[in-house]
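In what follows, chains are A, B, ... by sequence order, proteins preceding strands, each numbered from 1.
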There are 2 protein chains.
Amino acid sequence: MVEKTGRPAYLQIVDELRAQIRAGSLPPGTALPSIAQLCERFEVSASVVKSAISVLRTEGLVVGQQGKGVFVREAPASTVEPEPSGINAEILDQLTQMRASVKELGDRLAALESAVFPKPK
Amino acid sequence: MVEKTGRPAYLQIVDELRAQIRAGSLPPGTALPSIAQLCERFEVSASVVKSAISVLRTEGLVVGQQGKGVFVREAPASTVEPEPSGINAEILDQLTQMRASVKELGDRLAALESAVFPKPK
DNA sequence: CTTGACAACTTAGAATTCCAAGCGTTCCAT
DNA sequence: ATGGAACGCTTGGAATTCTAAGTTGTCAAG
């Protein structure tokens with residue numbers, strides 16, 4: 001699958017995956033093959049696959065979840081506008097991270113609470 | 001410039017450069033500082049700077065020319081609405097402050113945790 | 001003066017190696 | 001039987017190293 005065209009390998013993988021997403025063979029909500037599997041399929045190193053997934057992430061086509069996988073976004077909505085929603089994408093990204101941080105704080109607080117105030121059950 | 005928030009270093013650099021481009025201190029057509037210079041300024045490795053520039057490239061904000069440099073794209077064209085950008089800047093600013101607050105809460109929680117759960121590590 | 005070689009600097013792509021963190025399962029001991 | 005520890009798989013971030021290729025400037029030889 002190396003396809004020795006002049007096109008960089010990671011962009012070829014981006015094209016491939018983007019096409020599969022658009023064609024519906026990777027419907028929204030489904031997980032992409034794991035990085036290791038993609039490495040094997042395309043016969044490239046992990047860095048190439050990571051670069052490709054990174055592009056798809058900044059394009060908003062997929063979202064990665066640590067420990068689970070990379071999932072096709074539910075609402076692709078306005079397909080890949082390079083610049084128009086740059087700031088909005090930025091804000092959404094930061095909000096995502098903030099939500100994760102707050103959730104993590106909540107979890108830790110809950111753990112502390114159940115340690116300090118034993119469960120009255 | 002490391003800014004020990006939870007935000008990854010390469011995204012912090014993306015934010016910084018994007019802000020400078022939008023603010024006009026890096027007008028269209030000008031070259032960004034070289035990767036080596038950015039490494040020095042932000043005190044990170046080349047891989048981080050490369051990641052940041054890669055994001056800006058896929059966002060279409062800059063274009064790289066081998067052997068010369070990375071240049072701010074002419075004509076961002078697609079409507080950089082003045083009003084919303086002000087609002088968005090405001091939101092981004094508040095997000096920054098929130099990130100700091102969350103970080104501080106995390107630190108205090110960590111202190112509490114190590115007091116309640118002694119570390120036998 | 002012109003031309004060619006060369007060195008220095010630049011981005012781009014790729015590989016490899018770590019480490020951190022999250023999730024899910026298994027499995028064992030209390 | 002249920003709770004918790006351990007393990008394996010996963011993504012994410014970062015550093016380092018290498019190669020390729022393009023630009024620019026210098027400098028010496030013809």
Side-chain angles (χ1 to χ4, degrees), chain A residues 1-15 17 30-58 61-73 93-94 96-97 99-108 111 114-115 118-119 121, chain B residues 1-15 17 30-40 42-58 61-73 106 110 117 120-121:
Chain A
M1 197 56 86
V2 281
E3 289 198 18
K4 54 191 176 304
T5 81
R7 195 154 178 76
Y10 79 100
L11 285 183
Q12 291 181 37
I13 297 179
V14 167
D15 293 340
L17 295 179
T30 62
L32 269 57
S34 77
I35 291 179
Q37 289 172 333
L38 290 175
C39 286
E40 205 176 89
R41 182 202 296 183
F42 293 105
E43 293 176 344
V44 293
S45 73
S47 75
V48 176
V49 174
K50 279 184 169 186
S51 295
I53 289 180
S54 175
V55 170
L56 292 176
R57 264 193 296 141
T58 76
L61 281 179
V62 301
V63 288
Q65 289 188 37
Q66 271 185 335
K68 296 186 69 176
V70 179
F71 298 85
V72 180
R73 267 261 303 261
D93 188 48
Q94 297 203 18
T96 296
Q97 301 220 359
R99 246 184 279 119
S101 297
V102 169
K103 174 180 182 301
E104 189 235 343
L105 285 181
D107 290 343
R108 285 162 63 187
S114 60
K119 314 187 167 188
K121 184 179 288 186
Chain B
M1 196 57 86
V2 281
E3 287 199 16
K4 55 193 178 304
T5 81
R7 195 155 177 76
Y10 80 100
L11 285 183
Q12 290 182 36
I13 296 179
V14 168
D15 293 341
L17 294 178
T30 62
L32 268 58
S34 78
I35 291 179
Q37 289 172 333
L38 290 175
C39 285
E40 206 176 88
F42 293 104
E43 294 176 342
V44 293
S45 74
S47 74
V48 175
V49 173
K50 279 184 167 186
S51 296
I53 290 181
S54 175
V55 170
L56 292 176
R57 264 193 295 141
T58 78
L61 282 178
V62 300
V63 288
Q65 289 187 36
Q66 270 185 337
K68 296 187 71 175
V70 178
F71 298 85
V72 179
R73 256 230 342 229
F117 309 118
K121 174 128 190 248

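Separating the CD atom of Gln65(A) from the C1' atom of dG12(D) is a distance of 13 Å, rounded to the nearest angstrom. Per the geometry, CZ belonging to Arg7(B) stands 18 Å off C1' belonging to dA20(C), to the nearest Å. The distance from atom CG of Leu17(B) to atom P of dT11(C) is 12 Å, rounded to the nearest whole Å. Spacing between atom CG of Leu32(B) and atom C1' of dT10(C) amounts to 13 Å, rounded to whole angstrom units. Going from atom CD of Gln37(B) over to atom P of dA8(C) covers 18 Å, rounded to whole Å. Rounded to whole Å, atom C1' of dT11(C) lies 15 Å from atom CG of Leu11(A).
Remark: Gln37(B) engages Pro33(B), Ser34(B) in a side chain to side chain contact (heavy atoms under 4.5 Å, CB included) (not counting sequence neighbours). With sequence neighbours excluded, the residues forming a side chain to side chain contact (heavy atoms under 4.5 Å, CB included) with Gln65(B) are Lys68(B), Phe71(B), listed by chain and number. Under the side chain to side chain contact (heavy atoms under 4.5 Å, CB included) criterion, Ala46(A) pairs with Ile35(A), Cys39(A), sequence neighbours left out. With sequence neighbours left out, the side chain to side chain contact (heavy atoms under 4.5 Å, CB included) criterion links Val55(B) to Thr58(A), Tyr10(B), Val14(B), Glu59(B). When the side-chain hydrogen bond (donor to acceptor under 3.5 Å, both in side chains) test is applied to Ser47(A), the partners found at least two apart in sequence or on another chain are Ser45(A).
For Tyr10(B), the side-chain atoms get nearest to dA14(D) when compared with the rest of dT10(D), dA14(D), dT11(C). Considering only side-chain atoms of Ser47(B), the nucleotide from dT16(D), dA12(C), dG12(D) that sits closest is dT16(D). When distances are taken from the side chain of Ile35(B) to each of dT11(C), dT11(D), dA14(D), the shortest belongs to dT11(C).
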B/S/- contact track for nucleotides 17-26 of chain D, protein heavy atom under 4.0 Å | -----BSS--
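The shortest distance between the side-chain N/O atoms of Arg57(B) and the OP1/OP2 oxygens of dT11(C) is not below 4.0 Å.
Heavy-atom minimum distance, Arg7(A) versus Gln12(A): O-NE2, 2.7 Å.
Not a single donor-acceptor contact under 3.5 angstrom links the side-chain atoms of Ser45(A) to the base of dA15(C).
When each of Val62(A), Thr30(A), Leu61(A), Val63(A) is tested with Val70(A) by the rule side chain to side chain contact (heavy atoms under 4.5 Å, CB included), just one qualifies, namely Val62(A).
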